[in-house]
Amino acid sequence: MAQTLLLAQDGGVLTITFNRPEVLNALNDQVIKELGEALRRAECDAAIRCLVLTGGGRAFSAGQDLSSFAMREQNPDRVSIREHLRDGYNRIVTRMRGLEKPIVAGINGVAAGVGLSLALAADIRVAAENASFTTGFSKIGLVPDGGMSFMLPLLVGIGRAAELAFTSDRIDAAEAHRLGLVNRVVPAEELGAATAALAGQLATMPTRALGLTKRAFNRTILADLDAWLDYEAHLQEIAGRTDDHKEGVRAFIEKRQATFTGK
Ligand code: LHQ
């Protein structure tokens, strides 16, 4: 099976690149598995002192692979959305926040759905000026998951978070920067060098102190991370049973506008 992630270590920096460019780095079970393994490697290897998460091709990540998700829905033995989240994305987010090393997201293109959630779970976000952002969930009748329901209001404030989550409007990097969603915006051709320079700097800092700082921030603002993730999964289970969710996914696959009924 083709590798869905590319890993490259340069000094103390491990760069993880989503590698499904043909579907805008949409995330399937294999990506989640490989990402879990890469994070485990970063936890165990003292030589790795900073992570970079980025995307290959024109996207950072378009979120859950909706084609594989729609096929999964036809399997009578499928696990519930709640379990899908608990066993997959929630573990990844817990690992990312629990990793006591800095994580820099190099957002090279569109970040949507849980792809955006993973960018928000990183510590610092650097975006290319042609990157774009959409929560995306409401377009398929779902609620923000992968930690987005608390990271988004934390970063941009609850009013702006509501607007972004309700409308799923796509915003550009300049707007994302204005809202506080990303730390820096750089010309597209400089993104690799800019993230590498920042990550290289962080990798030479006192890793233990940075890790403990992250632990302190987590405790201050994400003290109930696991409970929140669990609650999101519970809400997603409810949303996932609606007609609007089924219509939203069908409409995406059939490349047409969804008609939502509110049910
Ligand atoms: C895709 C995808 C995609 C497959 C583009 N899947 N193929 C958690 C738990 C349980 C249930 C479900 O979900 C979740 C978490 C989530 O992440 S839910 C949200 C999932 N993501 C989305 O709803 C975003 C869907 N994608 C889009 O809205 C657009 O593609 C964006 C805004 C990302 C980019 O738009 P464009 O730049 O116009 O590109 P495109 O739409 O033309 O996409 C290019 C290709 O990528 C296209 O395939 P094709 O064969 O026509 O070239 C898309 O079908 C494919 N693709 N996203 N998520």
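Because the structure is a prediction, the values reported are computed rather than measured. For ligands, and for the atoms within them, numbers begin at 1 and follow the listed sequence.
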*Which of the numbered atoms in ligand 1 are below 4.0 angstrom from a heavy atom of G113?*
17 (O), 19 (C)
*asked:* Using every non-hydrogen atom in the two residues, find where S80 and E237 come nearest and quote the distance to one decimal.
replied: CB-OE1, 3.2 Å
*Between A26 and ligand 1, is there a nitrogen or oxygen pair with a distance under 3.5 Å?*
no
_For atom 6 (N) of ligand 1, the protein heavy atom that lies nearest, with its residue and separation_ = L66 N, 2.9 Å
*Write out the residue and atom name of the closest protein heavy atom to atom 9 (C) of ligand 1, then the distance separating them to 0.1 Å.*
D145 OD2, 3.6 Å
_Closest protein heavy atom (residue, atom, distance) for atom 55 (C) of ligand 1_ = V23 CA, 4.2 Å
*Going by distance only, is there an N or O of R58 that falls short of 3.5 Å from an N or O of ligand 1?*
yes
*Within a distance of under 4.0 Å, is there any protein heavy atom near atom 52 (O) of ligand 1?*
no
*asked:* Closer than 4.0 Å to some heavy atom of L142 - which atoms of ligand 1 meet that?
replied: 11 (C), 12 (C), 13 (O)
*For atom 13 (O) of ligand 1, what is the nearest protein heavy atom, given as residue, atom name and distance?*
Q64 CB, 3.3 Å
*Among all protein heavy atoms, pick out the one at the shortest distance from atom 10 (C) of ligand 1; state its residue, atom name and that distance to 0.1 Å.*
F69 CE1, 3.6 Å
_For I140, atoms of ligand 1 separated by under 4.0 Å from a heavy atom_ = 18 (S), 19 (C)
*Compute the shortest N/O to N/O distance between A62 and ligand 1 and return yes if it is under 3.5 Å, no if not.*
yes
_Non-hydrogen protein atom less than 4.0 angstrom from atom 46 (O) of ligand 1_ = yes
*asked:* A quick test of your reading: do over 12 heavy atoms of other residues, nucleotides or ligands sit less than 6.0 Å from CZ of R78?
replied: yes
*Hey, does K255 come in under 3.5 Å of ligand 1, counting only N/O atoms on both sides?*
yes
*Who's the nearest protein heavy-atom neighbour of atom 27 (C) of ligand 1, and how far?*
F252 CE1, 3.9 Å
*Less than 4.0 Å between a side-chain N and a carboxylate O, is that true for R178 and E175?*
yes
*atom 29 (C) of ligand 1: any protein heavy atom closer than 4.0 Å*: no
_N or O pair under 3.5 Å between R170 and ligand 1_ = yes
_Pairing donors with acceptors under 3.5 angstrom, does anything connect the side chains of Q30 and T4?_
no
*What protein heavy atom sits nearest atom 43 (O) of ligand 1, and how far away is it?*
L24 CD1, 3.5 Å
*Count the heavy atoms belonging to other residues, nucleotides or ligands that lie under 6.0 Å from CD of Q257, then report whether that count exceeds 12.*
no
*asked:* Go through it in stages, so that I can follow the logic: the residues are E83 and R86, the test is salt bridge (charged side-chain N to carboxylate O under 4.0 Å, His left out), and I'd like the CA-CA distance, side-chain angles, deciding distance and then a yes or no.
replied: CA-CA 5 Å; E83 287 166 273; R86 281 185 184 163; over 6 Å; no
*Considering only NZ, NE, NH1 and NH2 on the basic side and carboxylate oxygens on the acidic side, decide whether R91 and D87 come within less than 4.0 Å.*
yes
_Y89, any N or O under 3.5 Å of ligand 1 N or O_ = no
*Just which atoms of ligand 1 are under 4.0 Å from any heavy atom in G63?*
17 (O)
*Just wondering, more than 12 heavy atoms not from E163 lying within 6.0 Å of its CD?*
no
*Answer yes or no: does an N/O atom from V114 fall short of 3.5 Å to an N/O atom of ligand 1?*
yes
*Is the closest basic N to carboxylate O distance between E37 and R41 below 4.0 Å?*
no
